[in-house]
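These notes are about the structure you will find just below.
Quick note: numbers below take in every heavy atom, side chains included, and nothing from hydrogens, waters or symmetry partners.
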Amino acid sequence: MTRSLRDEEALLSMAFSLHSSPGAYALLLGAGVSAPSGIPTAWGVLIDLITRLAEVQGDSPDDPVRWYEDRYDEPPRYETLLEKLAPTPLERQRLLKDYFEPSAEDVEAGRKQPTVAHRAIARLVRTGTVKVIVTLNFDRLVEQALRAEGIEPTVIASPADVAGMAPLHTLECCVVHLHGDYLNPTSMLNTTDELATYAPGTLKLLERILEDYGLIIAGWSSVYDPALRGAVAVHYSGRLTLAWMEPGPVTHQAAELRTLKKGVLVSADADTGFGQLVDAVDALRTRKARHPLTLSIAVETAKRELSGGRVAIGLHDTVRKEFTRLHEHADFRLPDYHSNVTDGDYEAILARVEEASTICCGLVATLAYWGDENTGAWWLDELERFATPTRGSGLTRLLRVRTLAGTALLYSAGTAAVAAQRYSLLRQMLFASRINPHHGRRESLVAVLRSDEAYPESPSDPSRLYQFLEPVLREALAMGTDPFDEAWQRFELIKLALAVMTDPEFDEIYRSLPTGPNSKPEVAGLARRVHSGRIHVLTKDYRLDEAYRSPIAERLADDLEAEQAAHPLVRGGLAQDPHALATALRAVSRALGTEGRELAWKRVLGRAGIIPSEMWLDSGKTPDELSSHRP
């Protein structure tokens, strides 16, 4: 399901409220939460019971409810139906059990089990985020999910349970079956008359919950519950924002009630909404994150301001504010860079730095793609600032944590600039330098902010930087996977080719080429001077040449030789001699191809198998394998 920016913002606001005020919200769960499990709705159970009763008496009515009312001169109720179908308590329990408890076939098919929503709710309870759950369902899937998390809830399913319960605020977790449950048939409410009011004790408990807690509603149409609608309308305090999850068109009763209580609507089903909600709460807690300005909202706002045809002062201020926040990130100012405790939490530090860098990366990518010379000044200097490790002594990987943010910013801006063919901006980035704090000499930023060194000594695989930035940049640039991958690879290849051209021996080797750039010995010599690491570039086996190459590097080189000075890379100032740049690209292609060939052969070394004809260098996967792992 595709959600709007407003839905995403509402979910994140809910997550922040839950995180900052644990235990302050209660949940109200309707039939839509349990329906995906295959358990019938309360009305469905009632209709089926009437149908069974009619069949026992030799009838097959088209309208079971009307049949029952005509036959018995009263509205159908669970207890009376059950008495007619199952005279003893044991028989009644067994009859209802078939509706709500899974058979062996159900278990095998995955039916009548806790859903994604139930399990997400149980996670919220386990962390103390939610303590009160009001359910309108007769099933016990909530309780089952809670027990799977090691939580034994207090279950309130009848007026008698209400009378004997401890004070609500003292309970670790309380599940209130407002309409009863199948284990207590006399408590089950379903008809309009039954739902017109509640027992005095039950109503008092409901009012207390509505007055003392915020409310997140899911799976409830509100059409058949006049007593509950009235209680929410009168007693919900509104101190905390009411949130209502609903995937489809809302009923007018629900819309009126939500509007009355100034609630927010989230267009999501319970599985999606609660699944993403608990993930967001967990991220806020484990990463110590702030209430986030969401990436999509930040990007959308930036694009809107850039399209205004004037200096976007608000966007400038937003960019400065986000960079200030990133500079002040706690993991850039560790109390002790020698600490074994800190060292042991290195992966958590990396995750927090990625989280903290996300908005700046998205904004920089947006500005690099849609901005101009003026907006470049807002962020270009930040590359140098984040290319400087923390001064002092300690573990190198902890002192270099800042440069992870710098590398992410460089790749965000570089990929976006390539995608927009803003090669003059790309030139500014690739020729930027900084003063090395150790020896005082200037060195290229791209030599410092290398993708293969972004996570030094981390056990993560070489594709981690790409995995972190791919969803960020695809959101910011509104690009599909294939064009995004091409832009990323072009950035990597151009960067490597320029590094080859600045090699002290390049000019001598290049001048010695007899006729062109394809002289294998000389290009092979340049290829040995390429220092790439395991970068996100695809290599392909060119059978006629008996070697792997980078298809995009080869195509770039061909285009340069064909277009010469008219090529955008030359016009953007990245090279004065298109033939020299093409030569450097072919050297890079050959070097990366050698790595690709080694990866391909390692897969079949010592065992039978087919050697892949295409390999991604960072992940060591084929294109088909990589596609199968993508959402």
Side-chain angles (χ1 to χ4, degrees), residues 290 292-308 310-329 332 353-389 401-435 444-451 454 465 468-469 471-479 487-488 491 494-495 572-574:
R290 64 184 177 120
L293 170 65
T294 67
L295 174 65
S296 55
I297 294 169
V299 167
E300 198 67 23
T301 301
K303 291 177 184 177
R304 185 173 64 251
E305 293 203 33
L306 287 172
S307 67
R310 56 182 175 79
V311 177
I313 297 175
L315 177 57
H316 170 272
D317 292 346
T318 296
V319 171
R320 299 318 313 158
K321 186 183 300 181
E322 289 300 319
F323 271 112
T324 297
R325 180 190 61 80
L326 183 56
H327 279 292
E328 294 173 351
H329 183 61
F332 298 156
V353 171
E354 288 175 338
E355 175 82 21
S357 304
T358 297
I359 300 300
C360 284
C361 287
L363 288 173
V364 162
T366 303
L367 291 168
Y369 192 97
W370 280 280
D372 55 25
E373 292 78 8
N374 294 321
T375 60
W378 299 353
W379 57 269
L380 277 167
D381 289 345
E382 298 292 348
L383 297 179
E384 181 178 354
R385 296 188 182 104
F386 281 102
T388 304
V401 163
R402 289 177 56 85
T403 63
L404 166 57
T407 304
L409 291 168
L410 175 68
Y411 272 75
S412 298
T415 303
V418 169
Q421 294 195 34
R422 294 188 64 197
Y423 292 121
S424 58
L425 174 63
L426 183 64
R427 184 184 185 282
Q428 286 182 271
M429 287 184 279
L430 297 185
F431 286 92
S433 62
R434 65 144 199 186
I435 296 177
S444 168
L445 290 186
V446 297
V448 179
L449 303 175
R450 291 165 52 99
S451 63
L465 181 68
F468 160 46
L469 286 179
V472 177
L473 301 188
R474 286 184 60 190
E475 175 79 31
L477 304 178
M479 298 177 71
W488 181 288
F491 173 63
I494 293 168
K495 182 163 59 71
L574 286 163

- [ ] Report the residues that fulfil side chain to side chain contact (heavy atoms under 4.5 Å, CB included) with A476, sequence neighbours left out, ordered by chain and then residue number.
- [x] V299, A365, T366
- [ ] Over all heavy atoms of both residues, which pair between C361 and L473 is shortest? Give the atoms and the distance, please.
- [x] O-CD2, 4.3 Å
Open item on the list: Can you tell me how far apart CD (E384) and CG (L410) are? Round to the nearest 0.5 Å.
Closed with: 13.0 Å
TODO: Taking the side chain as every heavy atom from C-beta outward, state whether F386 and L326 have any pair of such atoms under 4.5 Å apart.
DONE: yes
- [ ] Could you tell me the separation between the CH2 atom of W378 and the CG atom of L363, rounded to the nearest 0.5 Å?
- [x] 10.5 Å
TODO: Tell me, please, which residues at least two apart from E328 pass side chain to side chain contact (heavy atoms under 4.5 Å, CB included).
DONE: T324, R333
TODO: Could you check if a side-chain atom of F431 sits within less than 4.5 angstrom of a side-chain atom of L574, using non-hydrogen atoms only?
DONE: yes
Open item on the list: Rounded at 0.5 Å granularity, tell me how far CG in L445 sits from CD in Q428.
Closed with: 12.0 Å
Task: Closest non-hydrogen atom pair between L469 and A408, with its separation - done: CD1-O, 3.7 Å
TODO: Starting from the C-alpha separation in whole Å, work towards a yes-or-no answer on side-chain contact (heavy atoms from CB on, under 4.5 Å) for Y423 and L430.
DONE: CA-CA 10 Å; Y423 292 121; L430 297 185; over 6 Å; no
Open item on the list: Using the side chain to side chain contact (heavy atoms under 4.5 Å, CB included) criterion, which residues pair with A419? Sequence neighbours excluded.
Closed with: Y369, M479, A487
Open item on the list: Can you list everything that forms a salt bridge (Lys or Arg N to Asp or Glu O under 4.0 Å) with R427? Sequence neighbours excluded, please.
Closed with: none
Task: N374 (side chain) donor-acceptor with A377 (main chain) under 3.5 angstrom - done: no
- [ ] Before giving the answer on side-chain contact (heavy atoms from CB on, under 4.5 Å), spell out for V364 and F323 the whole-Å C-alpha distance, their side-chain angles and the decisive distance to 0.1 Å.
- [x] CA-CA 10 Å; V364 162; F323 271 112; 3.7 Å; yes
- [ ] For residues L367 and L306, determine if any side-chain heavy atom of one lies less than 4.5 Å from a side-chain heavy atom of the other.
- [x] yes
Open item on the list: I need the L426 CG to Q421 CD distance, nearest 0.5 Å.
Closed with: 11.5 Å
Task: Contacts of F332 that satisfy ring pair (Phe, Tyr, Trp, His ring centres under 6.0 Å) - sequence neighbours left out - done: H329
Open item on the list: Give me each pair satisfying side chain to side chain donor-acceptor pair (under 3.5 Å) with a member in residues 405-420, each pair once, sequence neighbours excluded.
Closed with: Y411-S451, Y411-E492, Y411-K495
TODO: Could I get the full list of side chain to side chain contact (heavy atoms under 4.5 Å, CB included) partners for T403, not counting sequence neighbours?
DONE: P389, R400, L449
Open item on the list: Please report the interatomic distance NE2(H316) to CH2(W379), rounded to the nearest 0.5 Å.
Closed with: 14.0 Å
TODO: For E382, check side-chain hydrogen bond (donor to acceptor under 3.5 Å, both in side chains) against everything at least two apart and list the hits.
DONE: R320, H327, R385
TODO: Quick one: pull up OG in S357 and CZ in R325 and give me the separation to the nearest 0.5 Å.
DONE: 8.0 Å
Task: Pairing residues for S433 by the side-chain hydrogen bond (donor to acceptor under 3.5 Å, both in side chains) criterion, not counting sequence neighbours - done: R442
- [ ] Please report the closest heavy-atom contact between T375 and G371, naming both atoms and the distance.
- [x] OG1-CA, 3.3 Å
